[in-house]
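Sequence lines set the chain letters: A, B, ... in the order given, protein chains first and strands last, and positions in each chain run from 1.
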There are 2 protein chains.
Amino acid sequence: MNNRTPKDGAESGGAVEIAYRHIRSAIVTGELKSGEALQEAKLADQIGVSRTPVREALQRLSNEGLVVLERYRRGQVANFSMSEVAEVFRLRAKLEGHGARRAARRITPSQIDHLEELEREMESIFAKLGWHGHLSQFDHLNNEFHATIASAADSPRLDRILASALELPPSIFNFYREPLEDRTRRTHRQHREIIDALKAGNPDWAEAAMNAHLLSILTDPNPEPE
Amino acid sequence: MNNRTPKDGAESGGAVEIAYRHIRSAIVTGELKSGEALQEAKLADQIGVSRTPVREALQRLSNEGLVVLERYRRGQVANFSMSEVAEVFRLRAKLEGHGARRAARRITPSQIDHLEELEREMESIFAKLGWHGHLSQFDHLNNEFHATIASAADSPRLDRILASALELPPSIFNFYREPLEDRTRRTHRQHREIIDALKAGNPDWAEAAMNAHLLSILTDPNPEPE
DNA sequence: CTGATGAAAGTTGCATGCCAAAACAATCAA
DNA sequence: TTGATTGTTTTGGCATGCAACTTTCATCAG
């Protein structure tokens with residue numbers, strides 16, 4: 001079973017990267033459901049690599065919180081309670097708010113162009129495909145939008161934390177009661193406001209706008225004490 | 001070269017854990033200096049495990065930011081500039097401030113006892129051994145002190161971020177100009193104040209005290225815009 | 001039928017080997 | 001001497017095999 005691929009078309013990284021993307025995407029699209037068991041051998045076979053890179057990929061996903069690993073036990077797709085989702089957005093608000101504040105004073109014109117371009121793309125695929133069709137692409141663009149701001153904050157640690165510890169499968173949005181189209185339109189407005197604040201170089205505004213954006217996700221009133 | 005150890009005395013986890021602790025401790029104590037190359041085979045041999053668990057351990061350390069990995073390149077011990085250290089403490093202030101705020105309403109009496117016990121221990125070993133002797137033990141107890149508060153915040157993600165993305169080798173303290181004894185004494189006072197705030201169940205106070213504690217590390221005035 | 005028990009099957013943890021890419025060294029041209 | 005070039009050595013990336021452990025399932029006592 002030697003499926004060595006000396007040059008696999010549009011391949012970017014190594015086998016770990018392939019496995020990582022594959023599994024992550026399966027989780028993100030809901031193909032792998034919360035709580036579902038993850039068997040190294042099966043995944044390896046399915047992806048076309050050996051167990052070693054699959055193990056590394058699962059390790060990474062475990063760090064990111066998308067997968068739960070326990071010694072000698074089968075991995076599982078993590079499941080996210082509403083309160084966990086809320087907590088993630090609270091933490092992201094703290095960190096990305098901080099990031100936006102710093103970014104307001106450091107962001108370059110070309111980064112702002114990039115943000116505007118990303119936002120245009122998001123709006124255009126939303127207009128073309130509607131919510132359900134655009135979920136996966138939206139996730140990607142939206143992640144890059146936030147990552148661009150974080151990187152403008154010039155804090156590699158912040159980058160890493162946001163990229164690795166505070167990601168959620170976009171499928172969680174499907175649990176919300178609010179019509180998804182409404183939520184999406186609001187998201188776009190908020191993105192534009194954040195861009196405005198960054199363009200103006202106003203740290204307070206940028207932080208506040210980012211906070212508003214992230215905390216608006218928590219529409220369901222949450223009864224626990226702050 | 002089969003150094004299999006069917007039951008290795010007071011062993012806790014697996015080979016990965018052994019490798020992880022070994023390498024981490026070497027970095028933390030300064031045995032491995034910043035920028036030093038990390039060769040899988042050499043480490044594996046030295047630790048007494050194979051390369052596979054060493055690779056996993058390095059992966060973990062890379063996620064934690066203590067090690068820098070790049071595909072096909074030798075790993076290196078990360079090096080921490082003053083501005084990175086400052087940024088870590090700013091991020092910790094945001095996150096642990098949030099944690100302390102939540103903890104103030106949730107912490108249990110037994111957790112408070114635990115904090116007081118930890119603080120007593122820290123002060124006692126400091127009194128006995130002075131700064132240089134107590135560095136490694138202090139690091140351990142101090143980490144548990146902060147981890148206890150974070151866990152009282154009842155936010156597993158926060159736990160994981162603090163444990164994995166915002167750790168620094170305690171050796172960085174040696175770069176500060178301020179006499180270490182002074183700094184340590186202030187740390188103890190601040191710890192006691194944090195405990196007081198938590199005991200009082202006052203979220204604002206707890207957050208503020210935690211912020212004061214973490215931001216006081218940045219004694220060197222930093223000229224960059226916030 | 002229910003819960004305990006133990007063997008068989010399945011899965012993960014780790015060691016090892018091979019190959020490809022990087023690091024290094026020697027050689028040569030300018 | 002210096003910088004480029006090529007050949008050699010070193011080292012990391014991945015596949016695979018075996019051992020340790022968990023899970024499953026059949027069996028049996030109650």
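Applying the side chain to side chain donor-acceptor pair (under 3.5 Å) criterion to Glu36(A), with sequence neighbours excluded, gives no partner residue. Residues passing the ring-ring contact (aromatic ring centres under 6.0 Å, His included) test with His188(A) are Phe126(A), sequence neighbours excluded. By the side chain to side chain donor-acceptor pair (under 3.5 Å) test, Glu116(A) pairs with Lys199(A), sequence neighbours left out. Residues passing the ring-ring contact (aromatic ring centres under 6.0 Å, His included) test with Phe145(B), sequence neighbours excluded: His191(B). Looking at residues two or more places apart in sequence or on another chain, you find a side chain to side chain donor-acceptor pair (under 3.5 Å) between Arg51(A) and Glu40(A).
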Using a cutoff of under 3.5 Å, can you pull out all pairs of nitrogen or oxygen atoms linking the protein to nucleotides 22-24 of chain D, with atom names and distances?
unit_1: dT22(D); atom_1: O3'; unit_2: Arg73(A); atom_2: NE; d: 3.3
unit_1: dT23(D); atom_1: OP1; unit_2: Arg73(A); atom_2: NE; d: 3.1
unit_1: dT23(D); atom_1: OP2; unit_2: Arg73(A); atom_2: NE; d: 3.4

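Toward the 5' end of DNA chain D, the nearer of the two residues Pro53(A) and Lys42(B), judged by each one's closest nucleotide, is Lys42(B).
One atom, CD of Glu56(B), and another, P of dG13(C), lie 7 Å apart when rounded to the nearest Å. Rounded to whole angstrom, the span from the CD atom of Glu17(B) across to the C1' atom of dG13(C) amounts to 13 Å. For Gln76(A) and dT12(C), the CD to C1' distance is 14 Å, given to the nearest whole Å. One can place CZ of Arg51(A) at 13 Å from P of dC18(D), the figure rounded to the nearest angstrom. Atoms CD (Gln59(A)) and C1' (dC14(C)) sit 13 Å apart, rounded to a whole Å. The distance from atom CD1 of Ile47(B) to atom C1' of dA15(C) is 15 Å, rounded to the nearest whole Å. A straight line from CG of Asp45(B) to P of dA15(C) spans 12 Å, rounded to a whole angstrom. The nearest whole Å value for the distance from the CD atom in Glu40(B) to the P atom in dA22(C) is 15 Å.
For dC14(C), neither phosphate oxygen OP1 nor OP2 lies less than 4.0 angstrom from any side-chain nitrogen or oxygen of Thr52(B).
Checked against dG12(D), dT11(C), dG13(C), the side chain of Arg55(B) finds its nearest nucleotide in dG12(D). Of the listed nucleotides (dC14(C), dA15(D), dT11(C)), dT11(C) has the atom at the smallest distance from the side chain of Gln39(A).
Within 6.0 Å of atom NE2 in His140(A), 12 or fewer heavy atoms from other residues, nucleotides or ligands are found, so the atom counts as exposed in its surroundings. Counting non-hydrogen atoms of other residues, nucleotides and ligands closer than 6.0 Å to CD of Glu117(A) gives a total above 12.
Counting any heavy atom pair closer than 4.0 Å across all strands shown, Leu58(A) reaches no nucleic acid atom. Residue contacts for Leu38(B): at a heavy-atom cut-off of 4.0 Å it reaches the sugar-phosphate backbone alone, with no base atom in range.
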